[in-house]
Protein chains: 2
Amino acid sequence: MHTSRSTPIVSVDVVLLTLFQGKLQAALHMRGRPPFQGCLALPGGYVHPEEDATAEDTARRVLREKTGVEPRYLEQLGTFAGAARDPRGWSAAISHVALMPHEDLRQSGGEVFHFYDVDQLPELAFDHSEQIRAAAERVRNKASYSTLPCWLLPEQFTLTQLQRTYEQIFGETVSRGTFRSRLGIKVGDMNPGEAVDQADILIATDQFQGGSQRPARLFRVNRLSLFKRACW
Amino acid sequence: MHTSRSTPIVSVDVVLLTLFQGKLQAALHMRGRPPFQGCLALPGGYVHPEEDATAEDTARRVLREKTGVEPRYLEQLGTFAGAARDPRGWSAAISHVALMPHEDLRQSGGEVFHFYDVDQLPELAFDHSEQIRAAAERVRNKASYSTLPCWLLPEQFTLTQLQRTYEQIFGETVSRGTFRSRLGIKVGDMNPGEAVDQADILIATDQFQGGSQRPARLFRVNRLSLFKRACW
DNA sequence: CAAATAGTGTCTCTGAGACAGTATCTA
DNA sequence: TAGATACTGTCTCAGAGACACTATTTG
């Protein structure tokens, strides 16, 4: 038996990632209170036990309060805990990754965020640099074998936009044909209405996006689907 | 601003997995105290802020106290948090996955564990069934593209033992040649002393394990290495 | 019809996996 | 030398990726 002692302080942090200026960027804001007052930091907050049924609910509430919108994608990243990360004592931060198209953040009435390339971060509060590094690694890894990048785009998108998204995440380009065969997609096979490709990856809409060239069909993502083999 | 309120209770749980009777099995013990007194549960405990620098340290300490040995492999799984999982109130359990060869547990002087096939679990305390399901999924997933299964074996093992380990995790068999080419291994290429295969996956020892047949070379794993392509 | 982007068919080459053959031990 | 298991070379076939060709819009 050990003596009763105070339990660690629990908070929830969110690494909100978006594609901006052709790079994967994280949303940061300036802290108004100590510790680390005046430092750039991730959005985060404490659990409200009466309001939040789960830690993910806390993350959603924090995002709603600071951006005014719901994230397109949200998952738990992991917990960063220990004696050293917060000068006030032993603490645990349940960290999450959120993905959003950048337009959704521009038009929101919430707090002003600064965006930084995840590969060129300034000094940050707490262990937030480490959290962003872990989040970027997770996203790049999952992107290599799943439809995760769809959630960095608006609900409807063209195949070319999706290809650019993958390319920006990895910093590599690929030929159109290769990209499409990776996804197992043949647009012609799909009935305009609700048809789905063979792997249930994307849903073809009957909408098209035109410019002064052949219009491109718009797609929606069905659900997070995993490919058999890792690409990229 | 919100009123100050008690922070959630933090604990650390460990899903200790081992290969036993040809199946992936989890270590469980009978709870002696409420809540869930008399139920089977995962090993776990509270953080000791003075002793444990990180949550992983807590997991190691809990395992040391209950098994007397260090795990071969340990990583954080994720945090299971919310209002509903513990009748005493809002709580957060920082869950970990540990891997050990079953022999290490047999000879330990610690607590007696019961082992259950992760695919045929009885009723468990709290959300421990969900934690084990998540742990098994994580291990099977990582096993498909990494050397993770090496940590379910003793420090030295033959290629055939390693092959059986992969097969037991996935419940599928594979031909010897295929297995070896997946690992990129040609035993003959290795200098007996310390030679490493081209992908730095395994280290050949100069030890052999004999029976009444041609002796098999013993190997050690170098570090957790990832394959380019997912197999299985 | 020219320009621009969307979408598709084809060819090549790598690599996964099955299988059968060789090597090396005990009895 | 028979039996058992360790280890390896070869062949086949599917799939990844480069490239060039066709399709459909605007001006």
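Letters go in sequence order (proteins before strands), and every chain restarts at 1.
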Can you check the A/F179 CZ to C/dT8 P distance for me, whole Å?
14 Å
At what distance, to the nearest 0.5 angstrom, does CG of B/L183 lie from OG1 of B/T178?
12.0 Å
Take the protein atom CG of A/L159 and the nucleotide atom P of D/dA23, then report the distance between them rounded to whole Å.
19 Å
Which nucleotide sits closest to the side chain of A/S175: D/dA6, C/dA18, D/dC19?
D/dC19
Any side-chain N or O of A/T178 under 4.0 Å from OP1/OP2 of D/dA18?
yes
Can you tell which of D/dA6, C/dG17, D/dA18 lies closest to the side chain of B/R182?
C/dG17
Residue met sooner reading DNA chain D from 5', once A/V174 and A/G211 are mapped to nucleotides:
A/V174
Find the distance A/F208:CZ to D/dT26:C1' and express it as a whole number of Å.
17 Å
Taking the ring centre of each residue, are B/Y166 and B/F179 less than 6.0 Å apart?
yes
Counting only distance, no hydrogens or angles, is the base of C/dG7 paired donor-acceptor with the side chain of A/R176 under 3.5 Å?
yes
Nearest whole Å is fine: how far is D/dT26 P from A/Q213 CD?
9 Å
So that I know where these two stand, are A/H102 and A/F115 an aromatic pair - ring centroids less than 6.0 Å apart?
yes
Nearest to the A/A216 side chain among D/dG17, C/dA6, D/dC7, which nucleotide is it?
C/dA6
So which one's nearest nucleotide on DNA chain C is more toward 5', A/G177 or B/S212?
A/G177
How close or far is atom P of D/dC7 from atom CD of B/Q161, stated in whole angstroms?
11 Å
Atom-pair distance (CG on B/L183; P on C/dA16), nearest Å
11 Å
Look up atom CG in A/L224 and atom OG1 in A/T147, then write down how far apart they are to the nearest 0.5 Å.
4.5 Å
Send over the distance from B/Y145 OH to C/dA16 P, rounded to a whole Å.
18 Å
Side chain of B/T160 only, please: which of C/dG17, D/dA6, D/dT24 is the nearest?
D/dA6
Please find the pair of heavy atoms, one from B/T205 and one from B/L218, that lie closest to each other, and give the distance.
OG1-O, 2.7 Å
Phosphate-side-chain proximity, B/R214 and D/dA4, N/O vs OP1/OP2 below 4.0 Å
no
Interatomic distance, B/L162 CG vs D/dA6 P [rounded to whole Å]:
13 Å
